[in-house]
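As the structure is a computational prediction, the values presented were derived from the model and not from experiment.
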Amino acid sequence: MILYELFSFDFLRVVWWILLGVLLIGFALTDGFDMGVGALLPFVGKTDVERRVAINTIGPVWEGNQVWFILGGGAIFAAWPPLYAVSFSGFYLAMFLILAALILRPVGFKYRSKRDSAAWRNGWDWALFVGGAVPALVFGVAVGNVLQGVPFELNDMLMPLYPGNFIMKLLGLLNPYALLAGVVSLSMLMMHGAAWLTLKTEGPVQERARAIGSVAGMVAFVTYILAGIWLAFGIKGYQITSVVPANGPSNPLFSTVEHGGSWMQAYADRPWIAIAPILGLAGIALATMGLRAGKEVSTLLWSKLGIFGVISSVGLTMFPFILPSSKQPDASLTVWDSSSSHQTLFVMLVCALIFMPIILAYTAWVYKVLWGKVTVEDVERDSHSVY
């Protein structure tokens with residue numbers, strides 16, 4: 001027997017669907033508070049030293065946190081090549097916007113304190129704000145569009161085609177529901193960043209983070225509920241109407257899909273998935289209350305639980321769809337027909353089982369070493385060796 005045949009093709013597809021979710025959630029849980037701190041930076045720090053305190057809570061860890069983003073992109077490219085091709089074709093300008101914003105972060109960290117000029121430093125502070133707020137917003141906008149279906153079609157060669165020019169593709173993403181999803185994402189990550197600052201700082205920075213973060217948490221809670229109601233009653237869902245052959249080939253055009261009904265049918269078919277939105281709402285609510293009460297470690301943990309629940313609710317609601325098509329529903333990408341080969345998924349799984357524990361181990365070690373608060377005294381004492 002060939003080794004990879006120990007696991008069925010469909011089993012490996014589901015495993016890599018789960019692993020993709022793990023990587024995306026890992027990115028949101030770790031780099032999410034980096035983006036949140038960036039979005040909060042101009043508001044929690046009123047002086048140069050206070051802003052340096054906030055920056056130094058994430059400066060030593062953001063590169064390691066971004067590993068999850070790189071792994072997620074690599075997993076999409078290797079495990080779900082049609083998803084990579086279709087999404088990057090349609091979201092090209094949005095992806096470029098995210099990357100341009102993320103590039104501002106390392107540049108801002110490195111150059112901000114190179115000149116003792118208030119205007120220079122203030123400019124880089126706003127660049128760090130853009131580097132945090134823009135990706136947080138655009139990621140949510142992308143999720144909102146995926147839930148509605150993306151207007152692409154596949155030709156006989158499985159080449160993705162989109163209507164309109166590249167400007168219209170970007171503007172088409174900025175629809176009301178997608179913007180609402182963007183607000184959910186931005187406010188949730190600002191809450192997460194505030195929870196991190198509450199844990200890592202003290203004094204005025206901590207107090208402002210608690211105040212702003214509690215407001216962001218309430219916004220996230222309300223907008224997440226509104227987005228769920230809108231999804232249930234205002235947005236059509238997708239259902240596979242033909243029987244997809246077990247362990248079949250990766251060709252989306254072999255199945256038939258109906259665009260109609262509601263995404264909420266998933267909760268009737270699999271009632272247990274309701275735990276995801278419940279965890280999302282509970283985590284956000286408890287994190288908000290923790291910020292208001294002045295809790296530290298528990299607030300960050302509740303915030304992580306809320307993010308886990310929110311992101312999981314999207315994936316579980318859509319399953320088995322990964323990227324539905326509003327223009328040609330039969331071209332929708334699902335778990336069963338848009339993966340790499342059987343052997344590729346197996347080899348990648350072996351690699352993941354080897355390297356994921358290593359990544360988790362060194363990440364845990366880094367956070368252990370860097371445990372503790374960043375204070376004004378730390379920044380003033382080591383002004384030439386900190387960010």
Side-chain angles (χ1 to χ4, degrees), residues 10 13-14 16-18 20-21 24 76 79-91 94 139-155 158-163 169 172-173 175-182 184 224 226-246 248-274 276-277 310-339:
D10 281 352
R13 283 166 164 161
V14 173
W16 270 103
W17 174 79
I18 294 172
L20 178 59
L24 295 178
I76 293 174
W80 308 100
L83 174 62
Y84 185 90
V86 174
S87 59
F88 273 74
S89 297
F91 297 158
F139 281 131
V141 169
V143 171
N145 278 281
V146 169
L147 285 167
Q148 296 174 89
V150 180
F152 71 90
E153 55 186 340
L154 298 176
N155 62 18
L158 299 183
M159 180 182 295
L161 303 172
Y162 284 83
K169 291 178 185 177
L173 300 177
N175 56 77
Y177 183 78
L179 291 174
L180 177 61
V184 175
Y224 180 56
L226 291 176
I229 295 172
W230 193 341
L231 184 67
F233 300 104
I235 294 178
K236 295 179 180 179
Y238 292 80
Q239 295 85 32
I240 297 177
T241 56
S242 67
V243 178
V244 180
S250 291
N251 188 331
L253 298 181
F254 284 179
S255 60
T256 58
V257 174
E258 177 185 348
H259 184 196
S262 172
W263 282 119
M264 296 302 106
Q265 182 61 39
Y267 293 86
D269 297 338
R270 306 186 301 276
W272 62 269
I273 68 174
V310 169
I311 298 177
S312 297
S313 68
V314 175
L316 291 172
T317 299
M318 292 181 59
F319 184 86
F321 290 93
I322 302 177
L323 189 66
S325 169
S326 59
K327 186 174 177 61
Q328 183 189 3
D330 288 348
S332 298
L333 307 183
T334 73
V335 172
W336 314 124
D337 57 24
S338 56
S339 71

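For Ser262, there are no side chain to side chain donor-acceptor pair (under 3.5 Å) partners two or more places apart in sequence or in a different chain. Listed by chain and residue number, Tyr84 satisfy the ring pair (Phe, Tyr, Trp, His ring centres under 6.0 Å) test with Phe88 (two or more places apart in sequence, or in another chain).
Within the 4.5 Å cutoff, the side chain of Leu147 has no heavy atoms near those of the Ile235 side chain. Using a 4.5 Å heavy-atom cutoff, the side chains of Pro277 and Tyr224 are in contact. Taking 4.5 Å as the limit, every side-chain heavy atom of Trp80 sits out of range of all side-chain heavy atoms of Ser87. When side chains are defined from C-beta on, Tyr177 counts as touching Leu231, because their heavy atoms get closer than 4.5 Å. A heavy-atom distance below 4.5 Å is found between the side chains of Arg13 and Ser250. Inter-residue side-chain proximity for Phe254 and Pro249 is flagged as met; some heavy-atom pair is nearer than 4.5 Å. Looking at heavy atoms from C-beta onward, Gln328 lies in side-chain contact with Leu253 at the 4.5 angstrom threshold.
A donor-acceptor contact shorter than 3.5 Å is absent between the side chain of Glu153 and the backbone of Ala331. No donor-acceptor pair under 3.5 Å is formed between the side chain of Asn145 and the backbone N or O of Ala178. A distance-only check finds a donor-acceptor pair linking the side chain of Asp330 to the backbone of Val257 [under 3.5 Å]. A distance-only check finds no donor-acceptor pair linking the side chain of Ser313 to the backbone of Ala276 [under 3.5 Å]. Put simply, the side chain of Trp336 never gets that close to the backbone of Pro320: no donor and acceptor are under 3.5 Å apart. Between the side chain of Ser242 and the backbone N or O of Ser255 there is no donor-acceptor pair closer than 3.5 Å.
For the atom pair Gln239 CD and His259 NE2, the distance stands at 9.0 Å (nearest 0.5 Å). Between the CG atom in Leu20 and the CD1 atom in Ile76 there is a gap of 5.0 Å [rounded to 0.5 Å]. Atoms CG and CD1, on Leu316 and Ile311 in that order, are 12.0 Å from each other to the nearest 0.5 Å. Taken to the nearest 0.5 Å, the CG atom of Asp10 stands 14.0 Å off from the CH2 atom of Trp17. The structure places OG of Ser338 at 8.5 Å from CG of Leu323, a figure rounded to the nearest 0.5 Å. The distance from the CG atom of Leu180 to the CG atom of Leu226 is 6.5 Å, given to the nearest 0.5 Å.
Contact detail for Ser332 and Pro324: the closest heavy-atom pair is OG-CA, 3.4 Å. Across every non-hydrogen atom of Pro151 and Tyr162, the tightest pair is O-CD2, 3.4 Å. Across all non-hydrogen atoms, the minimal contact from Val150 to Phe91 is CG2-CZ, 3.8 Å. The nearest pair of heavy atoms linking Ala94 to Leu173 is CB-CD1, 3.9 Å. Smallest separation of non-hydrogen atoms from Pro81 and Ser339: CD-C, 4.2 Å.
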Ser89/Met159 under side chain to side chain contact (heavy atoms under 4.5 Å, CB included): CA gap, chis, key distance, verdict: CA-CA 10 Å; Ser89 297; Met159 180 182 295; over 6 Å; no

Would Leu24 and Phe139 count as a side chain to side chain contact (heavy atoms under 4.5 Å, CB included) here? Give the steps. CA-CA 11 Å; Leu24 295 178; Phe139 281 131; over 6 Å; no

Quick one: do Leu333 and Val86 satisfy side chain to side chain contact (heavy atoms under 4.5 Å, CB included)? Show the steps, please. CA-CA 9 Å; Leu333 307 183; Val86 174; 4.1 Å; yes

Working for side chain to side chain contact (heavy atoms under 4.5 Å, CB included), residues Ile240 and Thr256: CA-CA 6 Å; Ile240 297 177; Thr256 58; 5.9 Å; no

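Aromatic ring pairs are classed by plane angle as parallel below 30°, tilted from 30° to 60° and perpendicular above 60°; the pair Phe321 and Tyr238 is tilted.
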